[in-house]
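Lettering follows sequence order; numbering is per chain, from 1.
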Number of protein chains: 2
Amino acid sequence: MQITSRFTLAIHTMLCIASFSSSRKVTSNFIAESTNSNPVIIRRLIGQLKEAGLVEVKPGIGGATVAKPLDEINLKDIFNAVEVVNDKMFNFHDNPNCKCPVGKNIHTILDEHLNDIEEAMNNQMRKTNLMMLLEETKPYL
Amino acid sequence: MQITSRFTLAIHTMLCIASFSSSRKVTSNFIAESTNSNPVIIRRLIGQLKEAGLVEVKPGIGGATVAKPLDEINLKDIFNAVEVVNDKMFNFHDNPNCKCPVGKNIHTILDEHLNDIEEAMNNQMRKTNLMMLLEETKPYL
DNA sequence: CCGGTTGTAACGTCAATGGTTACAACCAAA
DNA sequence: TTTGGTTGTAACCATTGACGTTACAACCGG
């Protein structure tokens, strides 16, 4: 099991926009070069980030900017924007046998525990925001 | 992003073995029926659980049993056994541009935070063991 | 009007998952 | 010793999703 590279790619993208949008026009091409990716990939990604209200894009002229204060954008926001978690993160096998006492109740019993796991992950994600990451980048600039 | 159904399938399998192995022979066929899956899928799964030291299987005669006290097997143990997490859970995009200050340091900066997220998830998984799950099943038996 | 950019559709490739059939190896019981 | 039920695996196949690429209409400032 692996979580898509789209997540780290999106964080990287947000950091690029946050770092450079004040001094230059940040285009999908520019970000694609920094991330060693493809302009179209980045545009699709930015499309998702835009829809989540995290960035703003100028069509035509080009260039993206961050749409919120950096300390109000955390990793969970980015995760939500770009990773499609279809309802729940944990997948269930379909139609367990109702005649088996375990199969009959597995869903009821596990759901709570799986939610707890998901929630633990979410809480930890919320603890890191873009402001913090940018601060950590500064020593290297 | 979804975590494979193999995880919940493995938990279901472990619960079946724990519940029934004292009263009947628990074969891959039996579990496949309870989980609405396929005997071969179950055998491969049990192979992984066996390798992790969680179950024992009698070849030839057939039937699986739990290899450890139930309160010493937690969800993280099962997760480790069946979900192949290739090094880290979070995938990085390859070769970010070294000439970009963000691209150059993204890995260093993010790694710690991503590890924290993974660890939060792992810790929560360790809090639930098979004994607890089995207790929760009992009211329904 | 032109050049650079975004948004998106339409493909292609690749890997992983889940499923299935088939069969050798194994072992207990008849 | 044979038989029957079982495990362990190999060999496929179908489906899905991620990622990449080309192509092109729509957009907008100079």
Side-chain angles (χ1 to χ4, degrees), chain A residues 1-10 12-13 16-17 20-21 24-33 35-52 55-65 79 82-86 89-96, chain B residues 1-10 12-13 16-17 20-21 24-33 35-52 55-65 67 79 82-87 89-96:
Chain A
M1 193 237 27
Q2 296 283 106
I3 288 181
T4 328
S5 68
R6 224 180 20 254
F7 182 42
T8 55
L9 190 58
H12 189 154
T13 297
C16 269
I17 298 173
F20 302 116
S21 65
R24 72 189 307 290
K25 191 166 69 171
V26 181
T27 66
S28 58
N29 242 301
F30 175 74
I31 299 171
E33 273 175 28
T35 55
N36 184 36
S37 179
N38 184 286
V40 180
I41 303 285
I42 300 296
R43 271 179 245 154
R44 288 199 280 235
L45 203 59
I46 287 183
Q48 295 181 285
L49 294 168
K50 190 176 62 175
E51 200 161 346
V55 300
E56 277 161 7
V57 186
K58 294 206 184 303
I61 172 172
T65 51
F79 189 85
V82 302
E83 291 282 353
V84 182
V85 174
N86 179 17
M89 202 173 69
F90 294 96
N91 245 325
F92 255 96
H93 42 296
D94 295 327
N95 309 317
Chain B
M1 192 235 34
Q2 295 281 105
I3 289 180
T4 329
S5 69
R6 223 180 22 255
F7 182 42
T8 54
L9 190 58
H12 189 153
T13 298
C16 269
I17 298 173
F20 301 117
S21 65
R24 69 188 309 290
K25 191 164 69 171
V26 181
T27 67
S28 58
N29 242 302
F30 175 73
I31 299 172
E33 273 176 29
T35 56
N36 184 37
S37 178
N38 184 287
V40 178
I41 303 285
I42 300 297
R43 271 179 245 155
R44 288 199 279 237
L45 202 60
I46 287 182
Q48 295 181 286
L49 294 169
K50 189 176 63 177
E51 201 161 344
V55 299
E56 278 162 5
V57 185
K58 294 205 186 304
I61 172 170
T65 52
F79 188 85
V82 303
E83 290 282 351
V84 181
V85 175
N86 179 20
D87 191 23
M89 203 173 69
F90 294 96
N91 247 326
F92 255 97
H93 43 295
D94 296 327
N95 310 317

For nucleotides 18-21 of chain C, give me every protein contact, N/O to N/O, under 3.5 Å, one pair per line with atom names.
unit_1	atom_1	unit_2	atom_2	d
C/dG18	OP1	B/S5	N	3.2
C/dG18	OP1	B/S5	OG	2.8
C/dG18	OP2	B/R6	NH1	3.3
C/dG19	N7	B/R44	NH2	3.2
C/dT20	OP2	B/N38	ND2	2.9
C/dT20	O4	B/R44	NH1	3.4
C/dT20	O4	B/R44	NH2	3.2

List, with names and distances, any nitrogen or oxygen atoms from the protein found under 3.5 Å away from nitrogen or oxygen atoms belonging to nucleotides 2-6 of chain D.
unit_1	atom_1	unit_2	atom_2	d
D/dG5	N2	B/G60	O	2.7

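The CG atom of A/L45 sits 14 Å away from the P atom of C/dT8 (whole-angstrom rounding). Atom NE2 of A/H12 and atom C1' of D/dC19 are 17 Å apart (whole Å). Atom-to-atom, CD1 of A/I42 to P of C/dG4 comes out at 21 Å; the value is rounded to the nearest Å. Protein atom CG of B/L49 is 14 Å distant from nucleotide atom P of D/dT7, rounded to whole Å. The CZ-P distance, from B/F7 to C/dT17, rounds to 15 Å in whole Å.
The shortest distance between the side-chain N/O atoms of A/K50 and the OP1/OP2 oxygens of C/dG7 is below 4.0 Å.
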Derivation and outcome, side-chain contact (heavy atoms from CB on, under 4.5 Å), residues A/I17 and A/I31: CA-CA 8 Å; A/I17 298 173; A/I31 299 171; 4.0 Å; yes

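A tilted orientation is assigned to the rings of B/F7 and A/F90, their planes being inclined by 30° to 60°.
The heavy-atom pair separating A/A64 from A/S21 by the smallest distance is O-CB, 3.5 Å. When every heavy atom of B/P39 is checked against every heavy atom of B/S28, the shortest pair comes out as O-CB, 3.7 Å.
Legend: residues meeting side-chain hydrogen bond (donor to acceptor under 3.5 Å, both in side chains) with A/T8, ordered by chain and number and at least two apart, are B/H93.
Atom CD of B/Q48 sits about 8.5 Å away from atom CD of B/E83, to the nearest 0.5 Å.
Looking only at side-chain heavy atoms (C-beta outward), B/V82 and B/L9 stay at 4.5 Å or farther from each other.
Listed for the B/K25 side chain is a donor-acceptor partner under 3.5 Å among the backbone atoms of B/I61.
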